[in-house]
Structures are given as C-alpha cells and as structure tokens.
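To start, the structure itself, in structure tokens.
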There are 2 protein chains.
Amino acid sequence: MNPFATHFESLEEFADRVSELLQCPITIEDANHRLIAYSGHEHYTDPARTATIIHRRVPERVINSLWREGVIPKLLQSEEPVRVAEISEVGLGNRIAISIWRNKEVLGFIWAIEMNEPWTEQQLDLLKQAAKSAKNLLLQLQIRKNKKEERIQEFFWKLLTGHFPSPHEVIEQCHQLNVHVYPFFSVGIFQFQQHIQTQVERQIDYLLKTTQQLAVPLYTIDHQRLIVLVAPSSNIYGEAHIERFFRSFITQMKERFRVDIMMGAFGNVYECYTKIAKSYEEAQTVLKMKRAFPHPLANIQGYQHLGMYQFFDLLFEKKRHGDFHNVALENLKQYDAQHHTNLVETIETYLDYDSNVNETAKALNIHPNTLAYRLKRISEIGNIDLSNMSEKVKLYIDMKLDKYRTT
Amino acid sequence: MNPFATHFESLEEFADRVSELLQCPITIEDANHRLIAYSGHEHYTDPARTATIIHRRVPERVINSLWREGVIPKLLQSEEPVRVAEISEVGLGNRIAISIWRNKEVLGFIWAIEMNEPWTEQQLDLLKQAAKSAKNLLLQLQIRKNKKEERIQEFFWKLLTGHFPSPHEVIEQCHQLNVHVYPFFSVGIFQFQQHIQTQVERQIDYLLKTTQQLAVPLYTIDHQRLIVLVAPSSNIYGEAHIERFFRSFITQMKERFRVDIMMGAFGNVYECYTKIAKSYEEAQTVLKMKRAFPHPLANIQGYQHLGMYQFFDLLFEKKRHGDFHNVALENLKQYDAQHHTNLVETIETYLDYDSNVNETAKALNIHPNTLAYRLKRISEIGNIDLSNMSEKVKLYIDMKLDKYRTT
DNA sequence: ATAGCTTTTGTGGAAATCCACAAAAGCTCG
DNA sequence: CGAGCTTTTGTGGATTTCCACAAAAGCTAT
C-alpha cells in the first residue's frame, strides 16, 4: 500500500507528509537544485539546508562538493537512494538523497537528513516510493514552466535583434514574464564543437541555473551556440566576474558532462537595456576575431580585451576597397621574396612581443644582435621609424590585416 | 635712333642682332629662367651658358647662387642693367643682366657675357634699349601660352575630381595639351597663410618652373591652397624626393618672397593616372590630420608617414556612432578626476615616446620610478596589459580619437 | 672560383630598464 | 590632529638594451 496515494494540495504538504513518515527533515529540489518544497517540522537542520531554504537554491559551494564527491553523478545514473557522508566544510550533515525520474530524465531530488541512527531498509523503500509519487507533482510544475519558457525565448531574441526602441518597454516585458531586471548586463556566446543536443541542453540549463557567480536571467540555444544574458553583481569588476564565470562554465561542461566548448565570448557591460543588441554584436565580433586570430586571442573572451581587433572589420572593409596599401610593408615583402630573408616575419614577431628584443630573438631562434641588425635593415628598406608609435601601429595593423584577408 | 626698331622674324634673329651690336654672347630667358633665344655667334661662352642652352633652362644650382648673391632680387626690382661678378663654383663668368618689363611685371631677362673689357655707358644703354624692344616679342609668346593654360587648368581639375575613368583618355588629353606624361606621380597641396594673390601666383609659378628636383607637370591655385601634380624621377625613392622638394619649396617661398606656407602634404605615389583623385584625397587627409594633430604630425608631409592617422576619419565616424567606448580609459579618466592624478596624460605621453621610460619621465618632469609606479597603477586601474601590443594600440588610438573629437 | 656584397654571431662596455625596498611627502576622513 | 592610505623620490643591484666593431658565414654575379 502506497502511503502517498492520496491527493496533495501542494508540494509543501507532500514534503511534510514524507518528513512525518521518515521522522527527518525533507527538502525537494528541481533538477537544477532550486528549492521546490521543504518540510516544516521541527527537526535538527544542518547549515547547508538552512542556506538552501533561505536562498531558495542550493549554494554553489555545496553543489560543487557534491559533484566532487561523485554524489550527483550517482544520482543522475540510478533511481536508488544514495547515502551522502558528512561534508563538514560546506556544512552538510549526513544525508540520504534520491532522484525523481520521468522516463529517462531527472526532474528533481529529494533530500533527507539522516538523523542519529542509520536508516533501515524500510525507510529507504519509503523514500523510493516518495520519489515515485513526487514525479507527478513535479510534472505539473514543468508544464506551466514550459509555456512561459517559450514566450521568454521569443522575448530574448527580440532583445538580441534590437527590437525594442526604449528601455521602458523592455522592463515592462520583463515584469510581465517574471524575468528579473538587473542593473548591468552583457551578452555572451559559447561556441560548441557540435550541434547542441537535447541532452546537452539540459546540462547547460543545469549549469546556468546552479551557478551563483552571476545571474543568467535569459539564455537561448542556436545551432552550435549558446547565447546568454549575464548580469554581474558589480559594475567595476563586471568584466572580471564574467571572465571567471565563462572559464568555469567551459571547464565544468567538460569535466562534468564531457562536452567540449570551443570558445566563449562576451560583449561590453551596459546599463541600458536597449544596448543588448550592441553587446550581442560585440560578442559576435569577438568570436569572429578569435576565429581569424586564434593564437593571439586564445585567452581573450571580453570585447574590452579585443584591443585593436575591435575595429578590424571596419578597416578590412576599407582595405578591400583598395585603400591603405603600405609602401613600407610592400618593400619589405619584395625584399624578402628577392633575398630569401624574413624581414616581415621578424618585424611582426618583434611587435607581437611588444618590441622586446630578448623575447623576440628567442621566439625566432636568432641571436639578439641578428635581430638588431634586421631591425636596422627593416627601418632602412621600409623607410620606417621604429621608434614612432604611430608608424609602428600602422605597420602592425597592416600586417595583421594581411593575415585577416587570408581567412 | 633705336637700332632695334626693325621687324624681327624670330627671337633668335633679335638675339643675334643684340649680340652683334654688343660684341658678346646674348641669352634671353623668360621670367622662369627658361631659355627663349640665344645668339649663335662664335664668342667665348662660360659653362653656365652652355648648360643653359643644352637643357633649355638655367640650371637650378645657377639660379640658386644668383638668388644667394642678390642678383635676381635686384633684377626684379629695377629696370637697370645689373653687373654680375664671376661665380666660379657654378661656372658663371662675368655677366651683365637686365630684366624685360611690361607694366609692373617682369617678362624675362637678357644676359650678356662681359668679355675682356668692362662695358662702357654706351653699351649699357644699348642693352636697355634691347630690353625695351624685347618686350613686344615676349608678349606674343605670353598670349599664346595663356590660352593653353586655361584649358590645362580645367583638365587638371577633372583629374583631381576623378573625372576620367580610364588611363588612356588621360594620356590622350595630355598629348593634346602637350602635357608631359610621367611614369609616377603624386598630388600635393600647399596650405598658405592667406589667400593667394596674383603676385604670389607669379612667384609660385617661378619656383615651380625653375625647380629641377622633380617635374611639376600640372598645378593649380584654389583659395589658400596650391595643388600640384609632382612626378619624381624614381619610384623607390619617390617619397623622399617629394619630401625634399616640399621642404625646399616652402623655405624658398619664405626666404625669397617672404610668403609663409603653413604646411605641405602629398598623397601616395601611383603609376596609374586614374589614381590622381585618390592621391589628392590622401593629400587632403594629411592636411586634415595635421590640423587636428599639429604636434605629432609637424614633420609629416607624405600620406605614407601619416601612420595610424590614415584611418582616423573612419574610426572617428564609428566612434561618434557610439561604438568602442574604452572602459579602461574611462576608468583612468574617472580616477584622475577623483584623485587629481595624471594617469591619462602619463600613459599618453608614455606611448607618444614609444614606451621609453627615460624620455617620458623627462617630458613629464618626474622621476623614472614615479613613472614606473604610475604605469603599474594604470595597468591595475585600467585592467590593461601594457606589454600587449594590441591593447596598447587600442588605448593609444582611443586617446588620440578623444583629442580628435575636440577639434 | 673569387671578389664583393649581405647576413649572422660574437665581444665588451656604456646606458637604460627593471625590481625590491624604504623613506618622505601628500591627501582624506573620522 | 593623526592614522592610514596613495604618491613621489631615492638607492642599489641584477638584467637588458644599445652600440661599435669585427670575424665568420652565406649569396651572387662575373
């Protein structure tokens, strides 16, 4: 006989019933570790549970330790209860956890605190039955969510394409759709190795929902790309926060789910919501440039750190139009071709290494004096003053533009 | 009784007659020291005269010494004969010269070689009469020239505005107008302090016609600007030749005629005649940038050496559109405002001096260690890697663009 | 092949840079 | 005012750069 066969008004009522039967505190989470319901009886409660209830989500530190300990992978693999030993550094007491399944998908988890005595087989069976019964209750939530999700997706695309002329409209829409409005934001893109499958979509959703490094009020998936709206908590260090989040997202996708992300990119941080489209464009520019200049931009994600590559699209357009042919560079190329020398490579490397003689010589495998000699020749043949920033800049950009052409 | 009252078939005939009467070699030049006629009698001839006859113009070295010795200024001031002592380093023997006048304008010169004996008063009078008679003969030449000149002016403006789609048409027109076609060319502009008066026009014409540093097949005057088509003799060192010519033109205008030229500028050297319009635009860009950045571009005249300023128009357009606001720079500005520091000035000067610590410190009147400290702070506050060329370039350009805005 | 060029590598010394550390001066805020 | 911060200047030493000069190696054209 199933003790949960009765009708429950709410999930809270269900949680209380489970707690009553098992004589311990119960917490129910969705697949993304957001709090769905918890029992209210007066029992001992560990700090991790208290924090979860207060913030309506499991703290990220706790989630991370659970992954590290292998608990969550186990929960995602089987329908059996999992015993979790105390993890005192995150305030987690002894626990019993079980996943809630529908078909092959995990809808959520039930967490029980293991009080003084170890659980009996009977108690574990009871928990399994509870997990089965929770399924239907969770499904109802799910359906309500999905409908809303679709409308939110549409809204996000409108934002990305600059559909809203005034910020008021955006904020109004946010309120209607129950999307939290943050003071600062940026648009980011993750480029995946492959088309993003449904399973990966769930894993993305999981990571985005569980992270607490910054808020991700909106995201969408488009072929091989994941587009996110991120809201760092501070304006001044926003860039750095997003940067860190992007790196951890990429490593977590890899380590936890074995999903490779080729690269991430994000635009500037803005305050006005009409600038979402601009931030999105900037993120796209970063991706484009990273593809064209993989080596120098390997560690760049933010538009701010794109440096001079920010305006390469513009310059390249002009160059294709036949403008700025650089006589100095042409002379150097010609000299290289006629004398089998490497003057262009030399000056490019030299500038890549910020005019540092030692490093450049090392990179080119030549003696520093050889480098000095070549630089002298370069300034002669190209008629360039290598101690003039403006000329150096022009030459550097022209060389890089040449490479861009070939992409 | 005037011995030159008869009709002369040609200027040569006239020159011979003068030579006969004075018993010495006679050379007649126009106002720009081009050979118009010379006597053919067998007399002693100094090397300067020989060279003049062979090249159909007075060698530039000779003209320059005549200016230096004050001969030409004297000729341009009075109608009296001028005695010229030997200038052996340019092969010029003892001479008597006189200018040919119409109203207040000098049309040309008559040169006589003073043979063994000094001239008598009678001989000098004869020369004065010859100069008077030469006037009418020269005037006829002048009128024929002026008509052609107008059509050439129109042609040049068509070239500057890109009116001809194919080079063949250009070359055909050149042949029709008797304009020499050169293999390489560039368009240059001189910006004068004031509107160019008729008198200055003649002085310009004089300098352009007498120079032999490079060919100036076409030129025109437009308000405060003189626009020239220059044809350097070599392609490889074309830039340098034009550069030198521009400098000497400016100093000569100043020294000889007390006319101030604010600046000169010229575009790239091209081979195809349809690119005249482009070279002209480039020259205009140089002028524009020199106006906006007088200090760093004080010594720049050629478009090739504009360096990064070549594309500032383009970038500024984009910037005005609201793109690339540089968070690093904004942070630095804010810090400067709040703490009464000079970080922006510091980094700008540092980059102006090509990252040279000593020079920068000297320019800013601070201790090198102070500079080092400030640079550390700059990289912290702006979150900039100052050993990354691309970031430096971006920052430098953004700072200079900021200055461009205020122009 | 060899003379005459360019290019590479080496040596050594003066100058500049970088770095760590510390004293002093200046500014801000309770 | 004075504690605590930032900023400036100073000292000294390891490292790097710059420069001049020279030997050696490589290329090219006669």
Side-chain angles (χ1 to χ4, degrees), chain A residues 234 236-237 328-389 391-393 395-396, chain B residues 234 236-237 328-389 391-393 395-396:
Chain A
S234 121
I236 308 171
Y237 299 112
L329 186 53
E330 277 160 25
N331 287 348
L332 291 176
K333 277 186 196 166
Q334 198 184 328
Y335 193 91
D336 273 353
Q338 282 177 359
H339 299 79
H340 313 295
T341 46
N342 306 307
L343 298 187
V344 174
E345 188 199 358
T346 302
I347 184 64
E348 184 171 358
T349 312
Y350 179 66
L351 294 177
D352 276 341
Y353 283 93
D354 189 42
S355 308
N356 183 309
V357 175
N358 254 342
E359 285 184 38
T360 310
K362 222 174 288 165
L364 290 173
N365 273 319
I366 56 174
H367 194 277
N369 282 0
T370 305
L371 178 58
Y373 171 74
R374 286 194 192 166
L375 292 175
K376 191 173 67 91
R377 294 291 287 143
I378 285 165
S379 73
E380 285 166 5
I381 292 163
N383 187 20
I384 317 165
D385 177 4
L386 281 179
S387 64
N388 178 324
M389 183 67 179
E391 290 206 25
K392 272 174 25 171
V393 167
L395 184 63
Y396 193 53
Chain B
S234 122
I236 308 171
Y237 299 111
L329 186 53
E330 278 160 23
N331 286 349
L332 291 176
K333 279 185 194 166
Q334 198 185 328
Y335 193 91
D336 273 353
Q338 283 178 0
H339 298 79
H340 313 294
T341 46
N342 307 307
L343 299 187
V344 174
E345 188 200 358
T346 303
I347 184 65
E348 185 171 359
T349 312
Y350 179 66
L351 294 177
D352 276 340
Y353 284 93
D354 190 41
S355 308
N356 182 311
V357 175
N358 254 340
E359 285 185 39
T360 311
K362 221 174 290 168
L364 290 172
N365 275 317
I366 56 174
H367 195 278
N369 283 359
T370 306
L371 178 58
Y373 171 74
R374 286 195 193 165
L375 290 175
K376 191 173 67 96
R377 294 291 287 142
I378 285 165
S379 73
E380 286 166 6
I381 292 163
N383 187 20
I384 315 167
D385 177 5
L386 281 179
S387 64
N388 179 325
M389 183 68 179
E391 291 207 25
K392 273 177 17 174
V393 167
L395 183 63
Y396 193 52

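Computed from heavy atoms alone, side chains included, the values below leave out hydrogens, waters and symmetry copies. Reminder, nothing fancy here: chain letters follow the sequence lines and each chain counts from 1. Only a predicted model underlies this, so the values are computations on that prediction, with no experimental measurement involved.
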Tell me whether B:Tyr335 at atom OH has more than 12 heavy atoms from other residues, nucleotides or ligands lying less than 6.0 Å away. yes

Send over the distance from A:Asp336 CG to D:dC27 P, rounded to a whole Å. 15 Å

Inter-residue atom distance A:Glu345.CD - A:Leu364.CG, 0.5 Å rounding: 5.5 Å

Nearest 0.5 angstrom please: A:Leu343 CG to A:Leu375 CG, how far? 9.5 Å

Bend angle of the helix from C:dA1-D:dT30 to C:dG30-D:dC1, from helix axes over five pairs at each end, nearest 10°: 40°

Mind listing the closest non-hydrogen atom pair of A:Gly382 and A:Leu332 along with its distance? N-CD2, 4.2 Å

Using heavy-atom distances to pick each residue's nearest nucleotide on DNA chain C, tell me which of A:His339 and B:Glu359 is more 5'. A:His339

Once rounded to the nearest 0.5 Å, what's the spacing between atom CG of A:Asn331 and atom CG of A:Asp336? 11.0 Å

In residues 365-381 of chain A, which ones come under 4.0 Å of DNA chain C, going by heavy atoms? A:Ile366, A:His367, A:Asn369, A:Thr370, A:Tyr373, A:Arg374, A:Arg377

As a quick check of understanding, evaluate salt bridge (charged side-chain N to carboxylate O under 4.0 Å, His left out) for A:Lys333 and A:Glu330, giving each step before the final call. CA-CA 5 Å; A:Lys333 277 186 196 166; A:Glu330 277 160 25; over 6 Å; no

Should B:Lys362 and B:Glu359 be marked as a salt bridge (charged side-chain N to carboxylate O under 4.0 Å, His left out) after you check the CA-CA gap, both sets of side-chain angles, and the distance that decides it? CA-CA 5 Å; B:Lys362 221 174 290 168; B:Glu359 285 185 39; over 6 Å; no

I need the single residue from A:Lys392, A:Glu391, A:Lys376 that forms a side chain to side chain contact (heavy atoms under 4.5 Å, CB included) with A:Leu386. Which is it? A:Lys392

Does anything in residues 349-358 of chain A come within less than 4.0 Å of DNA chain C? Heavy atoms only, and list the residues if so. none

Rounded distance [0.5 Å steps], CD1 in B:Ile366 versus CZ in B:Arg374: 4.0 Å

Once you round to the nearest 0.5 Å, how far does CD1 of B:Ile347 lie from CG of B:Asp352? 10.0 Å

